[in-house]
2 protein chains.
Amino acid sequence: MTEPRRDVFQAIADPTRRGILMLLATQAMTPNALAEQFETSRQAVSKHINILQECGLVKAEQSGREIHYSLEVTKMKEVDAFLEPFRKLWANRFDQLDDLLSNL
Amino acid sequence: MTEPRRDVFQAIADPTRRGILMLLATQAMTPNALAEQFETSRQAVSKHINILQECGLVKAEQSGREIHYSLEVTKMKEVDAFLEPFRKLWANRFDQLDDLLSNL
DNA sequence: TAAATTCGCAACCATATAGTTGCTTATTTT
DNA sequence: AAAATAAGCAACTATATGGTTGCGAATTTA
């Protein structure tokens, strides 16, 4: 039983999880409230939330029998950091186009 | 046989594929040259390249018996676009910290 | 032209993933 | 106290993923 990969990139690979993250970006929500937004069961959503928690993208706060999940937005900076060198590339291409246009 | 998912998020979920993308950000490369950089076989790398091609992150150019793969960097903007709302959030938090500090 | 190189393709394998169903626990509501 | 609600957990299933090996086609090199 090798450990499954649990990182931000794995987490955002699933469209349902991306949806959950988008919703949690606006407000903290319970699993039931989240599940209502997707074409899947509460249990399935619950599993996704677990994965998001394991990799630190989401944190939980118990309140009576409800659990409110909220976003740990800074964790998303890992994706942003990965993107950085690529962003430089498309910025350069824009510069090149800029140079081209100014030479006309 | 349902179609496997093939999108940018799925593509960057694998660490080897992220490595390939990083290398291709610096220069176009052949599968063999790429495979030498990783602890895996040429065939495995080749499969990753296929996936990267299918989702439009990489393009191929044949040159004799060699194939040079290069990055389609603009495709990465899809990830950047997804990140946009979250970036806003951590920018806001920075502003809040800023406010807090200036009130001391 | 024969040997070597580059590389894709197909078949196969082990494991991870995403989902389901059924159950239990804890907290509210009535 | 009984019923209803919220949610985690475990077992199970089907499919995707990442990898391997073996093979064949195309292009160079000797």
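In what follows, chains carry the letters A, B, and so on, assigned in the order in which the sequence lines appear, proteins first and then strands, with residues in each chain numbered from 1.
- If you measure from atom CZ of A/R6 to atom P of C/dT15, you get 17 Å, rounded to the nearest angstrom.
- The side chain of A/Y69 places an N or O atom within less than 4.0 Å of a non-bridging phosphate oxygen (OP1 or OP2) of D/dG8.
- The nearest whole Å value for the distance from the CZ atom in B/F9 to the P atom in D/dT17 is 16 Å.
- Put simply, NE2 on B/H68 and CD on B/E61 are 8.0 Å apart, with the number rounded to the nearest 0.5 Å.
- In this structure, CZ of B/F38 is placed 14 Å from P of D/dG18, rounded to the nearest angstrom.
- For A/F9 and B/F9, the ring centers sit 6.0 Å or farther from each other.
- Regarding B/I67, its CD1 atom lies at a distance of 10 Å from the C1' atom of D/dA26, rounded to whole Å.
- One interatomic measurement links the two molecules: CD1 of B/I12 to P of D/dT17, which rounds to 15 Å at whole-angstrom precision.
- A sub-4.0 Å separation between OP1 or OP2 of D/dA7 and a side-chain N or O of A/S46 is absent.
- To the nearest angstrom, C1' of D/dA7 lies 10 Å from CD1 of A/I49.
- Sorted by first and then second residue, the ring pair (Phe, Tyr, Trp, His ring centres under 6.0 Å) pairs with a member in residues 11-58 of chain A form an empty list; sequence neighbours excluded.
- The phosphate of D/dA6 (OP1 or OP2) has no side-chain N or O of A/T30 nearer than 4.0 angstrom.
- B/N32 has no side-chain polar atom (N or O) that falls below the 4.0 Å cut-off from OP1 or OP2 of C/dT5.
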*List the protein contact pattern of nucleotides 19-30 of chain C with one symbol per nucleotide (5' to 3'): B for base contact, S for sugar-phosphate-only contact, - for none; contact means a heavy-atom distance under 4.0 Å.*
BBBB----BS--
Quiz: residues 19-31 of chain A side-chain donor-acceptor pairs under 3.5 angstrom, not counting sequence neighbours:
| unit_1 | atom_1 | unit_2 | atom_2 | d |
| --- | --- | --- | --- | --- |
| A/T26 | OG1 | A/L23 | O | 2.7 |
| A/T30 | OG1 | A/A33 | N | 3.2 |

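- Projected onto DNA chain C by closest heavy-atom contact, A/R17 and B/Q53 fall at different nucleotides, the more 5' of which corresponds to B/Q53.
- A 6.0 Å sphere centred on CD of B/E84 holds more than 12 heavy atoms belonging to other residues, nucleotides or ligands.
- B/I51 and B/I49 are assigned to two separate hydrophobic clusters, defined by single-linkage of ILVMFWY side chains at heavy-atom distances under 4.5 Å.
- Protein atom CD of A/Q10 is 7 Å distant from nucleotide atom P of C/dA18, rounded to whole Å.
- Put simply, CG on A/D80 and CD on A/E78 are 11.0 Å apart, with the number rounded to the nearest 0.5 Å.
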